[in-house]
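Data first, discussion second: the structure below is written as structure tokens.
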Amino acid sequence: MRILGLDYGDRKIGVAVSDLFGWTAQGLEVVERRRDGAEMQRIADLVREYEVEELVVGLPKNMNGSIGPRGEICIDFADKLKEMLKLPVHLWDERLTTVSAERTLIEADVSRKKRKQVVDKMAASLILQNYLDSKTKG
């Protein structure tokens, strides 16, 4: 059973997918958000292509655990996915995942230009991997 992980940002959506066993997350791509909503169709296409049965959307919480305007936008996005795809959509606390992804890329000496291209995909991988890890512990 594959799970799709999504890091929903202002302009881009990072996408990652699990292996068939649900053990590891791999970054897939970055989907550009557009006014016409084409990103929803792209996500639906990926769900079909990878035979995804669940989705995990990163939920940016404030450091005190409360949900701010950014979190509300992600909850709305998750609700739209659930409605459109008729699949379970989980929200996962993503505090600091983008920061962590950025730091990892800097430590790996990845150029700023390259980092911009992969940070969202890497953040999606971290969100999904953290979710997968929590399932194996529970």
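Of the options I106, L105, T104, a side-chain contact (heavy atoms from CB on, under 4.5 Å) to E102 is made by I106 and by none of the others.
With sequence neighbours left out, the salt bridge (charged side-chain N to carboxylate O under 4.0 Å, His left out) criterion links K113 to no other residue. Legend: residues meeting side-chain hydrogen bond (donor to acceptor under 3.5 Å, both in side chains) with K82, ordered by chain and number and at least two apart, are absent. Qualifying side-chain hydrogen bond (donor to acceptor under 3.5 Å, both in side chains) partners for R34, counting only residues two or more places apart in sequence or in other chains: D36. For K114, the salt bridge (charged side-chain N to carboxylate O under 4.0 Å, His left out) criterion is met by no residue, not counting sequence neighbours. Residues passing the salt bridge (charged side-chain N to carboxylate O under 4.0 Å, His left out) test with R70, sequence neighbours excluded: D10. Listed by chain and number, the residues in a side-chain hydrogen bond (donor to acceptor under 3.5 Å, both in side chains) with D109 amount to none (sequence neighbours excluded).
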When the side chains of residues 52-60 are checked against the rest of the protein, which donor-acceptor pairs come out under 3.5 Å, sequence neighbours left out?
residue : atom : partner : partner atom : Å
E54     : OE1  : H90     : NE2          : 2.6
E54     : OE1  : Y131    : OH           : 3.2

Show me, pair by pair, the donor-acceptor contacts under 3.5 angstrom made by side chains of residues 14-28, not counting sequence neighbours?
residue : atom : partner : partner atom : Å
S18     : OG   : I3      : N            : 2.8
D19     : OD1  : F21     : N            : 2.6
D19     : OD1  : G22     : N            : 2.9
D19     : OD1  : W23     : N            : 3.3
D19     : OD2  : W23     : N            : 3.4
D19     : OD2  : T24     : N            : 2.7
D19     : OD2  : T24     : OG1          : 2.6
T24     : OG1  : Q26     : NE2          : 2.8

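D76 places no side-chain N or O within donor-acceptor distance of the main-chain N or O of E72, the cut-off being under 3.5 Å.
Of all non-hydrogen atoms in N62 and G68, the two that sit nearest each other are ND2-N, 3.7 Å.
Residue pairs meeting the salt bridge (Lys or Arg N to Asp or Glu O under 4.0 Å) criterion with at least one member in residues 39-49, sequence neighbours excluded: E29-R42, D45-R48. For residues 43-86, the ring pair (Phe, Tyr, Trp, His ring centres under 6.0 Å) pairs, not counting sequence neighbours, are Y8-F77. The list of ring pair (Phe, Tyr, Trp, His ring centres under 6.0 Å) pairs with a residue in residues 27-46, not counting sequence neighbours, is empty.
When hydrophobic side chains of Ile, Leu, Val, Met, Phe, Trp and Tyr are connected at separations under 4.5 Å, V30 ends up as a singleton with no cluster partners.
Counting heavy atoms from C-beta outward, V47 and L81 have side chains that stay 4.5 Å or more apart. With contacts defined as side-chain heavy-atom distances shorter than 4.5 Å, the pair I13/D120 does not qualify.
L85 and L128 are not part of a single hydrophobic cluster, where members link through side-chain heavy atoms under 4.5 Å apart.
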